[in-house]
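First comes the structure, then the notes that go with it.
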Amino acid sequence: MTSNELVTKEDLEVFGNKLMEKIELILQPGKAQSKQWLKSKDVRKLLNISPGTLQNLRINGTLSYTKIGGMMYYKLEDIHKVLEGGKH
């Protein structure tokens, strides 16, 4: 089976931008020392909260995040600020 799909210049630009964002996440300074970015499941485990509570923290601006594709990433530094009682 073969399928004919058209890839536009815009598709390639979007792909390239997403790829660069992922590479930049991997190459963050200090990455070898500890994780700089955490996925939602890691944040929920760390804070001992439900998916709904994490969503509320995103919606009300308490916890900032970066979305790449369908995944959300959170800076460890921002999580520490929330634990200390301050907003980012």
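The shown structure was predicted, so the numbers you read here are calculated from the model rather than taken from an experiment. Numbers for residues simply follow the sequence, beginning at 1.
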Could you go through the side chain to side chain contact (heavy atoms under 4.5 Å, CB included) check for N56 and T62 one step at a time? CA-CA 8 Å; N56 286 335; T62 300; over 6 Å; no
Carefully, step by step, assess H80 and K75 under the rule side chain to side chain contact (heavy atoms under 4.5 Å, CB included). CA-CA 9 Å; H80 285 289; K75 281 186 179 180; over 6 Å; no
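Within the 4.5 Å cutoff, no side-chain heavy atoms of Y74 are placed close to those of T66. Between L76 and W37 there is no side-chain heavy-atom pair separated by less than 4.5 Å.
The side chain to side chain contact (heavy atoms under 4.5 Å, CB included) search around K41 returns R44, not counting sequence neighbours. Residues that satisfy the side-chain hydrogen bond (donor to acceptor under 3.5 Å, both in side chains) test with T53, not counting sequence neighbours, are S50. Listed by chain and number, the residues in a side chain to side chain contact (heavy atoms under 4.5 Å, CB included) with K39 are D42, M71, Y73 (sequence neighbours excluded). Under the salt bridge (Lys or Arg N to Asp or Glu O under 4.0 Å) criterion, E77 pairs with K81, not counting sequence neighbours. Shown here are the side chain to side chain contact (heavy atoms under 4.5 Å, CB included) partners of T8, two or more places apart in sequence or in another chain: E10, D11. For L47, the side chain to side chain contact (heavy atoms under 4.5 Å, CB included) partners at least two apart in sequence or on another chain are V43, I49, L57, I79, L83.
Taking every heavy atom of both residues into account, D78 and S64 meet most closely at OD2-OG, 2.7 Å.
Other members of the hydrophobic cluster containing V7, listed by chain and number, are L12; membership follows side-chain contacts under 4.5 Å among ILVMFWY residues, whether direct or relayed.
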